[in-house]
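Single-structure report; data block below.
Reminder, nothing fancy here: chain letters follow the sequence lines and each chain counts from 1. No hydrogens, no waters, no symmetry mates; every other heavy atom, side chains included, goes into these values.
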Amino acid sequence: MRLFGKQIQLQDKRRIDERTKVEKVSTLAFVLLAVSFFAIPLMWLVLAPFDSDPTFRIKWPNWGLGNFSEMAENPYAYRSLMNSAIFSAGSGLAVILVGAPASYVLSRIKFAGRDAFLYILLLFSSIVTGSAAMVPLFLLSLRLNLIDTYQGVVLVLTGGLIPAAIFILKDFTDSIPKSYEESAQIFGASSFRILKDVVTPIIRPGLAVIFVWSFVQAWGNFLAPFILIRDINKQPAAVMMYSFYNDGGQAVFRTVAAFSLIYTIPVLAMYFYVNKKYGFRFYGGIKG
Amino acid sequence: MSFVSIEKITKVFPGGVRALDELDLEIKDGEFFALLGPSGCGKTTLLRTLGGLESSTSGTISFEGKDVTFLTPGARNIAMVFQDYALYPHMNVLENISYPLKVRKFSKEEINKRVTQASEALSIQMLLDRKPGQISGGQQQRVAVARAMACTPSLYLFDEPLSNLDARLRLEARTFLKQLQRELGVTTILVTHDQSEALALADRMAVMDKGRIKQVGSPAEFFHKPANIFVASFIGSTPMNLLDGLVNDGKVVIGSMTFDIPEHASTARTGDQVVFGVRPEYVSLVSGPGSGIASGVVKVTENLGTHYLVTADCNGILVRGTAPDGSEPAMGDTVHLKPEPGRSLLYNKTSEDLY
């Protein structure tokens with residue numbers, strides 16, 4: 001009996017071993033699939049710009065920098081990157097300038113329904129830059145003579161970004177003890193001074209995160225400039241990307257590849273800069 | 001001469017909480033004054049109202065005879081040390097101390113002079129280039145005091161400045177604060193929930209409860225003559241004996257025990273409902289029973305160092321006394337407890353005040 005029991009145990013063990021083996025293999029396969037899903041486009045992004053004859057395929061390139069000089073010959077390519085920088089920096093600054101004071105007030109002054117107000121704001125923000133609001137936004141811009149202007153696009157983008165920015169910045173501001181401001185008050189500092197000397201330096205990491213986040217959002221936004229900008233000289237990179245076709249209607253892969261790589265660099269650079277300086281985080285938590 | 005005078009100050013918070021209730025208080029020039037009370041009694045609200053961080057609902061506050069009720073905090077020439085010290089984490093110690101002076105537009109030389117003076121007085125010269133996060137709690141407290149000191153205010157407000165320190169450091173800081181206040185001679189108001197802190201530091205103090213002041217006086221007065229039952233039960237490291245009784249024919253009758261009416265209570269009349277109070281420190285063990293002596297069985301003895309606190313059950317009434325170390329009774333012993341004459345107090349049960 002005992003022997004029999006042992007055999008059953010062994011069989012069980014083998015079965016469990018087999019099961020874990022199957023589990024491991026399937027997990028690995030899934031991970032590989034997921035990784036390749038993201039890695040393959042990235043590989044194209046890294047390799048294709050240096051290939052003198054890029055296609056849709058990922059292949060070992062015929063090394064060369066010809067793509068970049070060809071891109072440089074397109075008069076609109078660099079211009080569009082400049083436009084993107086204007087839209088993004090403009091939106092980033094506007095979000096900080098409006099969002100920081102707003103979040104400070106929302107953090108310091110309690111009123112009935114404050115949290116509900118914040119959540120509703122957040123909910124609506126996804127509508128402003130979403131496709132549903134594009135017709136009214138276009139009509140509004142038309143009436144306000146904002147079509148084909150940098151301000152018009154910056155305003156629309158900022159409007160969409162501000163609620164989330166306020167939401168995150170409010171958390172940063174909440175983490176500043178009230179006693180910091182009160183002690184400054186007793187020393188005779190004006191509200192503006194307190195904001196400048198005490199509050200702003202403490203939430204600076206939050207401001208940096210929000211600026212970069214807004215910058216990146218605006219940099220990648222296609223819909224707003226696509227609809228609000230008619231003039232090709234004012235179009236940003238995200239829109240310009242779709243105009244690199246030859247007369248026959250085929251994509252000019254050499255330009256697209258080089259352009260795509262340059263397009264991603266500022267975003268990556270900013271991310272690494274802020275991450276190194278402050279660490280990317282979406283909370284305040286400053287300890288004295 | 002009174003330096004701070006508070007008249008009928010009332011503070012009602014939105015939502016109806018009455019934090020201060022028609023409170024009157026006079027604080028003398030150069031005095032170290034402590035506000036003591038259980039949490040929620042309004043002591044911090046009173047301090048913040050003095051500082052101008054809260055506006056009072058009604059009443060007036062004046063400093064040196066000048067009405068400051070509606071002045072901004074910055075215009076009151078005061079300095080406040082907060083419980084969390086409120087040192088700015090992005091500035092180093094030097095910048096923290098000089099910040100208030102910069103706000104008040106002092107010249108560079110004057111700022112340097114004052115920072116050096118204050119940091120030497122608090123022996124923190126070697127910390128000047130550190131950030132608040134890099135120094136210990138005790139050092140942070142000194143920096144906060146130095147920052148307040150450099151402003152040379154006419155009034156210091158301390159909001160529980162010692163409560164964030166550990167026990168040993170707290171005692172050191174306490175001695176230090178008292179010494180500093182003596183040297184500076186500037187009127188200081190301290191808020192604390194720790195009675196030993198108030199008793200040790202203050203020249204005079206006030207005990208507050210529910211937005212009202214229950215008693216004002218010197219620490220000794222508080223200890224020896226608490227003005228009402230609330231203060232009597234609140235002050236003291238060992239809980240005071242407060243025994244319900246009845247006045248009958250010149251005596252206080254408590255259960256089967258009778259005590260002489262204390263001298264101060266000559267107005268007590270036969271039939272009055274009273275509370276007989278005496279501190280355990282003034283109740284000693286005697287050899288035999290008699291009038292004015294509570295006899296009972298020892299329930300608990302607690303070691304207080306040089307003395308033992310003895311709790312005895314005298315026919316269902318708990319009476320506490322003290323016995324010197326070495327002669328303490330064992331649990332279950334029958335003991336005879338005698339309040340020292342002249343140390344007992346009598347309170348009116350209905351008004352809760354001292355006779």
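The backbone N or O of Ala184(A) lies less than 3.5 Å from a partner atom in the side chain of Tyr88(B), making a donor-acceptor pair.
Rounding to the nearest 0.5 angstrom, the gap separating the CG atom in Asp84(B) from the OG atom in Ser183(A) is 8.5 Å.
Nearest heavy atoms, Tyr180(A) versus Pro89(B): CE2-CD, 3.4 Å. Residue Ala79(B) comes nearest to Ile186(A) through the heavy atom pair CA-CG2, 4.2 Å, listed as atom of the first residue, atom of the second, then distance.
Atom CZ of Phe222(A) sits in a crowded spot, with more than 12 heavy atoms from other residues, nucleotides or ligands closer than 6.0 Å. The number of heavy atoms from other shown groups lying within 6.0 Å of CZ (Phe226(A)) does not exceed 12. Counting heavy atoms of neighbouring residues, nucleotides and ligands inside a 6.0 Å radius, atom CZ of Phe111(A) exceeds 12 of them.
For Ile78(B), the parts sitting under 4.5 Å from any heavy atom of chain A are the backbone and the side chain alike. For Tyr99(B), the part lying under 4.5 angstrom from a heavy atom of chain A is the side chain only.
The salt bridge (charged side-chain N to carboxylate O under 4.0 Å, His left out) test applied to Glu54(B) returns Lys11(B), Arg48(B), not counting sequence neighbours. Asp197(A) meets the salt bridge (charged side-chain N to carboxylate O under 4.0 Å, His left out) test with Arg193(A); sequence neighbours excluded. Annotation: side-chain hydrogen bond (donor to acceptor under 3.5 Å, both in side chains) contacts of Gln151(A) (sequence neighbours excluded): none.
Applying a 4.5 Å heavy-atom cutoff, the residues of residues 65-74 of chain B that approach chain A are Pro73(B), Gly74(B).
Highest contact tally toward chain B, considering only Lys178(A), Glu182(A), Gln185(A), is held by Glu182(A) [criterion: heavy-atom pairs under 4.5 Å].
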